[in-house]
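Scroll down for the structure; my scribbles are underneath it.
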Amino acid sequence: AGLASSDVWVQTNLEKSEEHRQRLDHYYAEQVTQKAGVLPGDVRYPVKRGFEQVRLLLTLDEQSRAEVTLALGEKRFAEAMTLANRGETEAANDLLEEYKSLLVALAEAYPTIEPAVHALLEESKKVVEGVLPENPLYGVRDFVDATSVLVTSDESTRQKLQLSTAADRLGLALELIQIGSYDLAQTALEDYQLGLAQVLHQLPSLDSTQRKEMILVILDQKLRDLQTLKLIAFEVEALSQESEVTSSLQTQLKSLHQDTLYQLNTVVLNLKERAVLHLGTFLEDVKADGDTQREILNRLKTSVPLDFEFIQ
């Protein structure tokens, strides 16, 4: 990456981050394998599933039954990850679908257990958080994020999850640039933009209080995103100036740079909208104060050209 190639400190930290990522991957892979136990294809697997069903049938207490179902969901995810690591994609996908169905049905049937479902999904997310595109588990990141949204009953919380997922895509774009995966970085930026658009599109479904809160959450997130976008812009610009970059890569980087600048401009405009939002609140608060209102009007007269169309 541009930064990495020109700064020894950055290069060292990137290497240490990669070592840390590999250690985490190894740790979670071991944990998942232990939880998975007997896998599909083993002659003992039907027996394992039979025992699980008997355990469910014998669990009469509703809370205990929900907890057993949650544990089964965790086991299906572990089995899926182990199979995916072995390259058995089709079988892994079937187990992931079963995992999703279990958690969605559980959240719908037992609303009080929803926090525990989310806690399990967070643990599942850790398994694939540092996964890069060449890893067969890469697509599971999106799957876990989508399942988190599905099991969330509150619309406002669901939108916050979608916003967080979009922000994760932005961080992923920076990581992908630093390892040279420019096509995937551009896709991650597009996913970020699409995720934000979906959240904004769903705002009208909230009541006025939730909508106001969500707007402020979005703008706060965009303020944080601004820093990541600046890093992306710097990386892309530095890469574009390197002499060994081919013409096709230059074109690719130019497109990526344009996308980044677009996102930066969008964030800046949204932050300006936030200032307008605060100004509107201020005007509403001082509505009964005639002196303040007249002072505001006098200032507007000196800075804003008032014509008939504007007054209308």
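- Judged by distance alone, the side chain of S164 and the main-chain N or O of K160 form no donor-acceptor pair under 3.5 Å.
- Rounding to the nearest 0.5 Å places OG1 of T209 at 15.0 Å from CE of M214.
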Kindly indicate, with the supporting measurements, whether the criterion side chain to side chain donor-acceptor pair (under 3.5 Å) is fulfilled by E213 and S156. CA-CA 9 Å; E213 178 194 356; S156 178; 4.6 Å; no

Decide side chain to side chain donor-acceptor pair (under 3.5 Å) for Q198 and Q202; before the verdict, give the C-alpha distance in whole Å, the side-chain angles of both, and the deciding distance to 0.1 Å. CA-CA 6 Å; Q198 288 174 341; Q202 292 165 2; 5.8 Å; no

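- Proximity of Q193 to L196: side-chain heavy atoms (C-beta onward) are nowhere separated by under 4.5 Å.
- With T152 contributing its side chain and S148 its backbone, the two residues share a donor-acceptor pair below 3.5 Å.
- With contacts defined as side-chain heavy-atom distances shorter than 4.5 Å, the pair T69/Y110 does not qualify.
- Summarising the geometry of G37 relative to K48, their closest heavy-atom pair is C-NZ, 4.3 Å, with the distance given to 0.1 Å.
- Within the 4.5 Å cutoff, the side chain of T187 has no heavy atoms near those of the L176 side chain.
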Start with the C-alpha gap between T82 and E88, add the side-chain angles, then the distance that decides, and say whether side chain to side chain contact (heavy atoms under 4.5 Å, CB included) holds. CA-CA 9 Å; T82 305; E88 298 178 41; over 6 Å; no

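- Atom CD of E74 and atom CG of L70 lie 7.5 Å apart (nearest 0.5 Å).
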E122 vs K126, side chain to side chain contact (heavy atoms under 4.5 Å, CB included): CA-CA, chis, key distance, verdict: CA-CA 6 Å; E122 282 301 310; K126 287 178 184 176; 5.6 Å; no

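- Taking both residues in full, the closest heavy atoms of L189 and I232 are given as CD2-CD1, 4.4 Å, listed atom of the first, atom of the second, then distance.
- Between A84 and A92, the shortest heavy-atom distance links the atoms N-CB, 3.8 Å.
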What verdict does the salt bridge (charged side-chain N to carboxylate O under 4.0 Å, His left out) test give for E97 and K100, after you've listed the backbone C-alpha separation in whole Å, the side-chain angles of each residue and the deciding distance to 0.1 Å? CA-CA 5 Å; E97 286 298 327; K100 179 176 73 174; 3.4 Å; yes

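- Rounding to the nearest 0.5 angstrom, the gap separating the CZ atom in F77 from the CG atom in L103 is 10.0 Å.
- By the criterion of side-chain heavy atoms lying less than 4.5 angstrom apart, applied directly or through intervening Ile, Leu, Val, Met, Phe, Trp or Tyr residues, L102 is not grouped with I113; the two fall into different hydrophobic clusters.
- The closest side-chain heavy-atom distance from K75 to E52 is below 4.5 Å.
- The heavy-atom pair separating A107 from V151 by the smallest distance is CB-O, 3.7 Å.
- Considering only heavy atoms from C-beta on, F143 stays 4.5 Å or farther from N93 through its side chain.
- With salt bridges taken as basic N to acidic carboxylate O contacts below 4.0 Å, one links R158 and E155.
- Annotation for L120 and G73: closest pair CD2-C, 4.4 Å, computed over non-hydrogen atoms.
- In this structure, M81 CE and Y99 OH are separated by 8.5 Å, a value rounded to the nearest 0.5 Å.
- Residues Q159 and L163 form no side-chain contact, since every pair of their non-hydrogen atoms from C-beta on lies 4.5 Å or further apart.
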Using the salt bridge (charged side-chain N to carboxylate O under 4.0 Å, His left out) rule, take R65 and E62 through it: C-alpha gap first, then chi angles, then the decisive distance, then the call. CA-CA 5 Å; R65 188 178 179 84; E62 290 291 307; 5.8 Å; no

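- Using a 4.5 Å cut-off between side-chain heavy atoms of Ile, Leu, Val, Met, Phe, Trp and Tyr, with links allowed through other members, V117 and L150 fall into the same hydrophobic cluster.
- Listed for the R211 side chain is a donor-acceptor partner under 3.5 Å among the backbone atoms of L206.
- When hydrophobic clusters are built by joining Ile, Leu, Val, Met, Phe, Trp and Tyr residues whose side-chain heavy atoms come closer than 4.5 Å, directly or via intermediates, L200 is grouped together with L229.
- At a threshold of 4.5 Å between non-hydrogen side-chain atoms, the residues R169 and D145 count as touching.
- Between D225 and Y192, the closest heavy-atom pair is OD2-OH, 2.7 Å.
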Give the intermediate values and the outcome of side chain to side chain contact (heavy atoms under 4.5 Å, CB included) for residues L203 and I218. CA-CA 11 Å; L203 276 176; I218 291 169; 4.2 Å; yes

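- The CG atom of L194 sits 9.5 Å away from the CD atom of E190 when rounded to the nearest 0.5 Å.
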Determine whether D154 and Q210 satisfy the following criterion, side chain to side chain contact (heavy atoms under 4.5 Å, CB included), listing intermediate values before the conclusion. CA-CA 11 Å; D154 178 65; Q210 288 178 320; 3.8 Å; yes

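- Annotation for R55: atom CZ does not count as buried by contact number, only 12 or fewer foreign heavy atoms lying within 6.0 Å.
- The number of heavy atoms from other shown groups lying within 6.0 Å of CD (E90) does not exceed 12.
- Rounding to the nearest 0.5 angstrom, the gap separating the OG1 atom in T165 from the CG atom in L161 is 6.5 Å.
- Side-chain contact between E67 and T59: absent, with no pair of heavy atoms (C-beta onward) separated by less than 4.5 Å.
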